[in-house]
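So the structure is just underneath, and the comments pick up after that.
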Protein chains: 2
Amino acid sequence: MTKEEIFEKKPLIKLNNKIFTCPTSAAMELIGGKWKSVILSHLMGEKKRYNELRKETPMISERTLSIQLKQLESDGLIKRKAYTKKPPLRVEYCLTPFGETLVPLLKTIINWGVEAAQEKGEFIIE
Amino acid sequence: MTKEEIFEKKPLIKLNNKIFTCPTSAAMELIGGKWKSVILSHLMGEKKRYNELRKETPMISERTLSIQLKQLESDGLIKRKAYTKKPPLRVEYCLTPFGETLVPLLKTIINWGVEAAQEKGEFIIE
DNA sequence: CGGTATCCTCATAGATACTG
DNA sequence: CAGTATCTATGAGGATACCG
């Protein structure tokens, strides 16, 4: 189906075995939730090791980071690559080509987040 | 603080009395969750009565729709206007100027949702 | 018409400890 | 190093009934 047909006919969308009635809710299934877009934004343009991600997202618990990474991987947005089989392990995460299609959206989110903070929030210099 | 300074100094962001370490998570505080962006996308460009919104988002329960509308209102993204005081009530919702700043982001989400559905999902014609 | 109130379930997320 | 296991807490969301 072409984009034009989709906007015109508004079909139901089946994704991850769930039914969505609009593209917005289908998108939120993949990148919604509290942390997914945060993790994805850290992988924009560069691969990261697990520990790098962990240090850059200190407010995400280890367990949650692990679960979200698995979901992002099974949704085809990121790729996990293990370089070693025995400890010390070396695992890197990066965006898949499908995940790369998110980059403009992620940038838009970041930019709007800055504007929202300027409008409604305050900044705290550490 | 200017955008450039924010990107450079990465300050903490205080919003709704919570602390965020990046603009992405601050943005998700306001438009994340399962339904907020869906509701906002239905208000793009036009005001809607409560019942119109309800019919256009049949998968959102009444209770949830009500709660989300209140949150969006208290976050300054939408405006509620009551035209009558006694039943039959007439209430309309529309984006505030701050909410309007979300339109480009909402359009990007919708577009990416369509692409994701084309890539990973399937369409069901009713 | 435009909601609330009540009660409920389940997914999401956190803390801490442990492991190949 | 890169995770799991376990246990717990929170809150998002649903069903149904009711209200001004």
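In the text below, chain A, chain B and the rest are named by the order of the sequence lines, each starting its count at 1.
Phosphate proximity of dG2(C) to Arg49(B): present, with a side-chain N or O under 4.0 Å from OP1 or OP2.
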Heavy atoms under 4.0 Å is the rule here; annotate nucleotides 13-20 of chain C 5' to 3' with B where the base is hit, S where only the sugar-phosphate is, and - elsewhere. BBB----B
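A donor-acceptor pair is defined here as one N or O able to donate and one able to accept, closer than 3.5 Å; such a pair exists between the side chain of Thr57(A) and the backbone of Leu53(A). Looking at Thr64(B), its side chain never comes within 3.5 Å of a backbone N or O of Ile60(B) through a donor-acceptor pair.
Aromatic rings of Trp35(A) and Phe20(B) (six-membered ring for Trp) have centroids beyond the 6.0 Å cut-off, not under it.
Interatomic distance, CG of Asn16(B) versus CG of Asp75(B), reported as 4.5 Å (0.5 Å rounding).
In 5' to 3' order, the nucleotides of DNA chain D bounding all contacts with chain A (an atom under 4.0 Å from a heavy atom) are dC1(D) to dC7(D).
Minimum heavy-atom separation, Pro104(A) to Thr101(A): CD-O, 3.5 Å. Nearest heavy-atom pair, Cys22(A) versus Met59(B), reported as atom, atom and distance to 0.1 Å: SG-CE, 4.5 Å.
Between Arg54(B) and Glu52(B) there is no salt bridge, since no side-chain nitrogen of the basic residue lies less than 4.0 Å from a carboxylate oxygen of the acidic one. Salt-bridge formation is detected for the pair Glu92(B)/Arg90(B): a Lys NZ or Arg NE/NH1/NH2 atom is positioned less than 4.0 Å from an Asp or Glu carboxylate oxygen. The residues Lys34(A) and Glu29(B) are annotated as not salt-bridged, no charged nitrogen and carboxylate oxygen being separated by less than 4.0 angstrom. A salt bridge between Glu56(B) and Lys48(B) is present, with a side-chain N of the basic residue lying under 4.0 Å from a carboxylate O of the acidic one.
The nearest whole Å value for the distance from the CZ atom in Arg90(B) to the P atom in dG3(C) is 13 Å. Whole-Å rounding puts the Ile39(B) CD1 to dG2(C) P distance at 15 Å.
In this structure, Lys70(A) reaches the sugar-phosphate backbone alone: every heavy-atom distance under 4.0 Å involves primed, P, OP1 or OP2 atoms, never a base. Residue Arg54(A) is classed as having no contact, given no heavy-atom separation below 4.0 Å to the nucleic acid. Tyr93(B) comes within 4.0 angstrom of the backbone, heavy atoms only, and of no base.
Taken residue by residue, residues 13-26 of chain B places no heavy atom nearer than 4.0 Å to DNA chain D.
Ring orientation note: the planes of Tyr93(B) and Tyr50(B) are tilted relative to one another, at an angle of 30° to 60°.
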